[in-house]
Amino acid sequence: MSACVPARADSARTKHVHPPHSPPPGGPRRFRVAGADVSAAIAVFLIALPLSLGIALATGAPLQAGLVAAAVGGIVAGRIGGCPLQVSGPAAGLTVVTADLIHQYGWRTTCAITVFAGIAQLGLGCLRVARTALAVSPAIVHGMLAGIGVTIAVAQLHIVLGGTPQSSVPDNLVALPAQLANLHPADVAVSVLTLTLLLLWPRLPGRAGDVLGKLPAALIAVGGATAVAALTGLRLPKVDLPSWSSHALASLPEGPVLGLVAAVLTTTLVCSVQSLLGAVAVDKLVAARPALTGRVKRSDLDRELLGQGAANIVSGSLGGLPIAGVAVRSSANVAAGAVSRNSTMLHGVLVVIAALLLVPALELIPLASLAALVMSVGLKMVSLNHIRTVTRHREVLVYAVTTCGVVFLGVLEGVVLGIAVAVGVALHRLTRTRITHDDVEGVHHVHVRGQLTFLAVPRLSRVLHQVPHGADAVVELDGSFMDHAAYETLQDWQRTHTAQGGSVDITGRRPGTRISEPAEVDGCRCRPWTPWRNHQCERPSKAPAPGTDRRAAAGAPTGESPGTTTGPNAPGASGESGVPGAHGAPAATGGTGGTDQRRGHELARGISAFHRNTAPLMRRELARLAREGQQPSQLFLTCADSRVVTSMITSSGPGDLFVVRNVGNFVPLPGEESGDDSVAAAIEYAVDVLKVRSITVCGHSGCGAMQALLGADPAGARTPLQRWLRHGLPSLDRVPADAAEDGRERPRLAGRAPADAAERLCLANVVQQLEHLRAHESVARALGAGDLELQGMYFHVGEAQSYLLSEDTEGGVFELVRETNLTA
């Protein structure tokens, strides 16, 4: 070993110094908080302060317990939790559970139950079962929250009216008439003022509304009601914060063991499910924000469960309420632009400061104002959007049973009832199969809807035997599963009926397939969009000889060595070579007679697959379109390239698009000597007769017309294709060899430069053809009347991504179309 190289032991003790030409390292790294986190923390704090006091009031706990939970939730859960932007604290969803525990066991035992629930959450987090909680049906979760919201609203209504709530919803409803007869005007007036400010503050009009609307409505409502009550001298109950020296802490739990275990499980369940679902919702909110607001990591649900457990242990030990993720505060945190967990932690610090320094101001808040605030939160938990969603998915029974169970029995009982009903509904759907028989013009249709299991075999057999011998029959399977018993019954009847001179056509899903798999047709499991040449369902007539390429035996063209690239991105593939005839013209490849015969039957086999799988599903819709005629809303002008499947890339169906295709997606100027009246006629028909509202010109990557245009000779236009390419010369003029020779901006893709000259020409061609469109009389007239809009589009074949032209910037920028949640 060289003497210049230190030994391993010496290397471990070698002191590392900074490089000789760099400045010495600075001091220890200082903690920094982004400005966006500071502003978000203030916004969340202003919301959390009144809500924490209100939730503590609703549970019957000491009001300081709400502040303790808010501070611990912000600092502890914010620091340890796996969802950086979720704000934890006392949640309205825990109000009923906590109130029931306080009523049964007292406050100190409730704090101990909170500690044990936190320990249980730590155990679940270590077992990494957080994802399991997401398996609970959303109908059960929404029903639980709705039931809790109803319970909160009914209880707080008594405080709003100047009375005292009872321990259960039925008791509150029974006592409501007497409470209405004994109103306290001061409490009602303050409550009405609070609710009015809550409702109207976010709806302030004009520029002043935009500025003032940034202040939380909850803070304005409680602050306004407090100010009015103080200035008018109203005599009514107010917040009473005892000295921190007398604050009640947790003690050893007292009570029946089974009851305490059930209480811990209930608290753990509600806290965990609400927090985990809240973390998932926060991820969606963060993903929907503009990219400029900063990148935030996705939630680690197991770590979030650990953070919630640690926060509940600390909160219960310090005499605070149970903690969970809170939707209102988390949404405000994301909307305010928070970029890290520092905003959540800072909001907890602000709560601590307020609890220590703002006690005189907090004690001016009327209890009726807090009750009105919490009542509004409870009413919002009964979401009409959730009701519509569960109704659309036929789970309204699960939702209703869970809600009623929570309201009249309790949270744990209601959730157990909801789970039982959800399981029953799932079993009912699995076993419920409708089998009908119709005779339409001599053809007997047997329609099977639902899962075809052995339970439905007797009904299936009875209906099948209603089909007369020798008749034509169609069996339509509208389900996702068929077991062996049903399969054998159907196959035996098919063989018998066929042997007696009848015909049987089985359409729809085939036996043994699942919802996520493509339908199987004669052993074919290829998807509907699979190109003919890539089908893997070909059965060779005989086994290939040893050493023979399997693809050659299955009908692939001979002369290709194993490993030869034949996909759409291969050199020389359709549309990528730059040859003028690359659009949809098959390459002349040698092959066996079997290959030629197979290719001759591709169209017929494709039509047969359509008749078998798609036609039964589309027949009713196509019949409606046949009766009503076509009423497309868009004219879609694109290239004739075989890889540009308009209905696939636009998710459109029959009747949506009026499509015009030609080589190069050109729009010849009207009146040109070499103009093409077919394109002009299609434009006139679409605008004047069909009254389309939009025209889209779509170019695509790897366009053979653009590549041919780059090497075209304008003076040598002899063939029809060469003469047609002359309509692209104006596009070519927009992209000179030196892109900056005239100082103008060129059409480009957002986020990156064009890959090559052909792509640059494709983008310029879309912009140029839009200008040609405006020169057509019918288009100009519709544009002037405001009845039509034009848009450009670029489809990248290899990336399967589409870009829409935004003409707000100079030169035109094609922006990537982002994914959206269409069901929201």
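Numbers here simply count residues along the sequence, with the first being 1.
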Engineer: List the residues meeting side-chain hydrogen bond (donor to acceptor under 3.5 Å, both in side chains) with Ser802, not counting sequence neighbours, and say none if there are none.
Structural biologist: none
Engineer: Minimum heavy-atom separation for Pro632 and Val692, please, with both atom names.
Structural biologist: O-CG1, 3.8 Å
Engineer: So do the side chains of Cys639 and Asn665 get within less than 4.5 Å of each other, counting heavy atoms only?
Structural biologist: yes
Engineer: Kindly indicate whether the side chain of His386, heavy atoms from C-beta on, has any atom under 4.5 Å from the side chain of Val390.
Structural biologist: no
Engineer: Is there a donor-acceptor pair closer than 3.5 Å between any side-chain N or O of Asp438 and the backbone N or O of Val440?
Structural biologist: no
Engineer: Check whether more than 12 heavy atoms from other residues, nucleotides or ligands sit under 6.0 Å from atom CZ of Arg298, and answer yes or no.
Structural biologist: no
Engineer: Do we see a donor-acceptor contact under 3.5 Å between the side chains of Asp472 and Ser503?
Structural biologist: yes
Engineer: Determine the minimum heavy-atom distance between Ala422 and Ile140, stating which atoms define it.
Structural biologist: CB-CD1, 4.0 Å
Engineer: Might you confirm whether atom CZ of Arg434 has over 12 heavy atoms from other residues, nucleotides or ligands at distances under 6.0 Å?
Structural biologist: no
Engineer: Can you confirm whether His796 sits close enough to Leu749 that some side-chain heavy atom of one is under 4.5 Å from a side-chain heavy atom of the other?
Structural biologist: no
Engineer: Measure the acute angle between the ring planes of Phe666 and Trp724, then classify it against the limits of 30° and 60° as parallel, tilted or perpendicular.
Structural biologist: tilted
Engineer: Taking C-beta and beyond as the side chain, do Trp493 and Val475 meet within less than 4.5 Å on heavy atoms?
Structural biologist: yes
Engineer: Where do Ala485 and Phe454 come nearest, in terms of heavy atoms and distance?
Structural biologist: CB-CB, 3.9 Å
Engineer: Looking at His772 and Val667, would you say the former's side chain and the latter's main chain have a donor-acceptor pair under 3.5 Å?
Structural biologist: yes
Engineer: May I ask you to test the Leu417-Glu413 pair for a side-chain heavy-atom distance under 4.5 Å?
Structural biologist: no
Engineer: How would you list all residue pairs meeting side-chain hydrogen bond (donor to acceptor under 3.5 Å, both in side chains) that involve residues 682-693, not counting sequence neighbours?
Structural biologist: Asp688-Arg781
Engineer: Would you call the rings of Tyr794 and Tyr803 parallel, tilted or perpendicular, taking 30° and 60° as the class edges?
Structural biologist: tilted
